[in-house]
Amino acid sequence: MTRTLPGFLQAPPRHLFFTGKGGVGKTSIACASAIALAEAGRRVLLVSTDPASNLDEMLGVALSDAARPVPGVTGLAALNIDPEAAADAYRKRVLAQMEGAPETERSTVREQLSGACTTEVAAFDEFASLLAGGATDYDHVVFDTAPTGHTLRLLSLPAAWTGFLEANEAGASCLGPHSGLKMQEERFRRAMQALGDPATTIVILVTRPERGALAEAERSAAELAALGLGNQRLVVNGVFRASVRQDAVAQAVERAGRAALEAIPASLRALPRDEVPLHGFDMVGLAALRALFSPGAALSSPQTPHVAAPAGDLPGLDVLVAELAAREHGLVMVMGKGGVGKTTVAAALAVGLVTRGRSVHLSTTDPAAHLQMTLRGDLPGLRVDRIDPKAETDRYVAKIMETRGRNLDEAGRALLREDLRSPCTEEVAVFHAFSRIVAEARSSFVVLDTAPTGHTLLLMDATGAYHRQMTRNLQPEGGQGRLVTPLMRLRDPEQTQVLLVTLPETTPVSEAAALQEDLRRAGIEPYGWVINRGLSGSGTTDPVLRQRMQAEAAQIARVRGGLARRSFLLPWQPEPPIGLHALRQLTERNAPRLEPLSEDVGTAPGRGN
């Protein structure tokens, strides 16, 4: 097998920083790059900054927050930045600085450090240490980052904290005493300098030949450049070339990709570009990752017994919408890993509910929101917005100044205003906005398109922390009373239906299963799963697509065999379902259905388009 290395690996700098929209293949490209560098004789550390990392499954090794050698690849080690472990270590460092302080002060700081904002900044602290002089035993550090919105939020933290600390020389915040933060300010500054230095870092924007993915890559490139990360290169992953010219499905897939690349935004067209071909095999395991940069590579799939058609009798979104619409109101939360189609599913459900006579508020918690790009129009009965962190922060600050600051003198109001400049205020403001939306579902339908898994779990952490605080401080004696927290509403199946969206691939299904376990630990039981973009039953004869079609059967059977209480299917669409008409069609009874699988279709893992 001949490996053709992409341009960014020809003379790579020390740091390779992979970013992009969820589901575009960042982790696959990052892993394949790290393996290629190690097998060229370099010492390489592969690091995931994604709270929902799946490096373990892809590399076949259990990872932690300490570097661990990857068996089978000499010179390669990997680690996951564990946000909770990082936050715990951060708290211990801050409290250690307070040795000798009264217990009341230590208790206050301990409470300040209990929020999700501490987790976020502590994770950046770990990331910064690797950039600012850490990892000296390695020639290269390869960063596999969280989906774009979460990563941009992470990278904006140093500037936000620097501005806050410059205006607040003393005192404390939700991250503890400012003196402790000042100690790390220099490390944060050196980390951002390293990211912005073309001699030490290259930023690799990973995308797919899809209009939505390319549009987000354009936005990300601009925002990263504004943060000082200007040494950028574009990688288009999953470029498909049909080998059977008379295959209508293959022709449609190639045509859509070609059209997207022909219309690539000018700013992206100006970047150096590499293309990685679409393969028929799943990107799990060292053999698959080594083959990623090899055009025409084929891996044999393990033969497994034939099973009854796993997808042909699955209900579609029309059935799901009918079940939801049978209620008078409720909260529908659409969750999953980035790139699995959450936004499409959420928008389709909202449009379907409105078509059935319900009024719907469709909103999103995703920092990289694209609801309007998906809807492309207005519909009576449908209200669409997003939880905008900046707008919500401004609203929250105005409210606090009006209430708490009403009876303060000018000096007191100035001090309160400075405290509210803390970047942690944004976390609180977003949670309050989320709580308002959850409460709306008491009398109407709310469909919430959530951020990719890692970002959503941080929001769930904040929801849990608020619940614990309220029940501890406000619950009447005897446990009776009218206290109802957002977490209580999320746990109530009569008020909330949580839907997990996945692709029929090994990794997305595993990640959805892990998310389901996290939700169950919080007392939240998902209503069902939506399996999106299945090629099975499409009738394609193209070898690559047929291999993928064969592969997804096992994953559909896996979901139905015990993971999901209810399963719904959204088949692959020849054209992306964009616009009100296309979304409405997905929820109608005559929506496209998969035919039962033929006897010669196997059951190895794979994915859709």
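Throughout, residue positions are numbered sequentially from 1 according to the sequence presented. Computed from a predicted model, the values in this text were never measured in an experiment.
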Backbone N or O of [Y] within a donor-acceptor pair of the [X] side chain at under 3.5 Å?
X      : Y      : answer
Thr200 : Ala194 : yes
Glu552 : Glu505 : no
Thr374 : Ile578 : no
Asp247 : Ala250 : yes
Arg548 : Leu535 : no

Can you tell whether the side chains of Arg233 and Asp274 come within less than 4.0 Å, N to carboxylate O?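 Yes.
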Presence of salt bridge, Asp449 and Lys342, under 4.0 angstrom: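 Between Asp449 and Lys342 there is no salt bridge, as every charged N stays at least 4.0 Å from the carboxylate O atoms.
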Heavy-atom pair of closest approach, residues Met373 and Ala215: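 It is CE-CB, 3.9 Å.
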His140 and Arg14: side chain to side chain donor-acceptor pair (under 3.5 Å), yes or no, with the steps? CA-CA 5 Å; His140 297 284; Arg14 173 171 167 76; over 6 Å; no
Trace of the side chain to side chain donor-acceptor pair (under 3.5 Å) decision for Asp65 with Asn80: CA-CA 5 Å; Asp65 57 348; Asn80 288 319; over 6 Å; no
As a quick check of understanding, evaluate salt bridge (Lys or Arg N to Asp or Glu O under 4.0 Å) for Arg258 and Glu254, giving each step before the final call. CA-CA 6 Å; Arg258 199 181 293 276; Glu254 179 178 349; 2.2 Å; yes
His279-Phe281 aromatic ring centre distance below 6.0 Å: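 Here the rings of Phe281 and His279 have centres that are less than 6.0 Å from each other.
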Count the heavy atoms belonging to other residues, nucleotides or ligands that lie under 6.0 Å from CZ of Arg241, then report whether that count exceeds 12.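 Counting other residues, nucleotides and ligands, CZ of Arg241 exceeds 12 neighbours.
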Report the C-alpha separation of Arg533 and Thr344 in whole Å, then their side-chain angles, then the decisive distance to 0.1 Å, and conclude whether the side chain to side chain donor-acceptor pair (under 3.5 Å) test is met. CA-CA 11 Å; Arg533 302 184 206 158; Thr344 296; over 6 Å; no
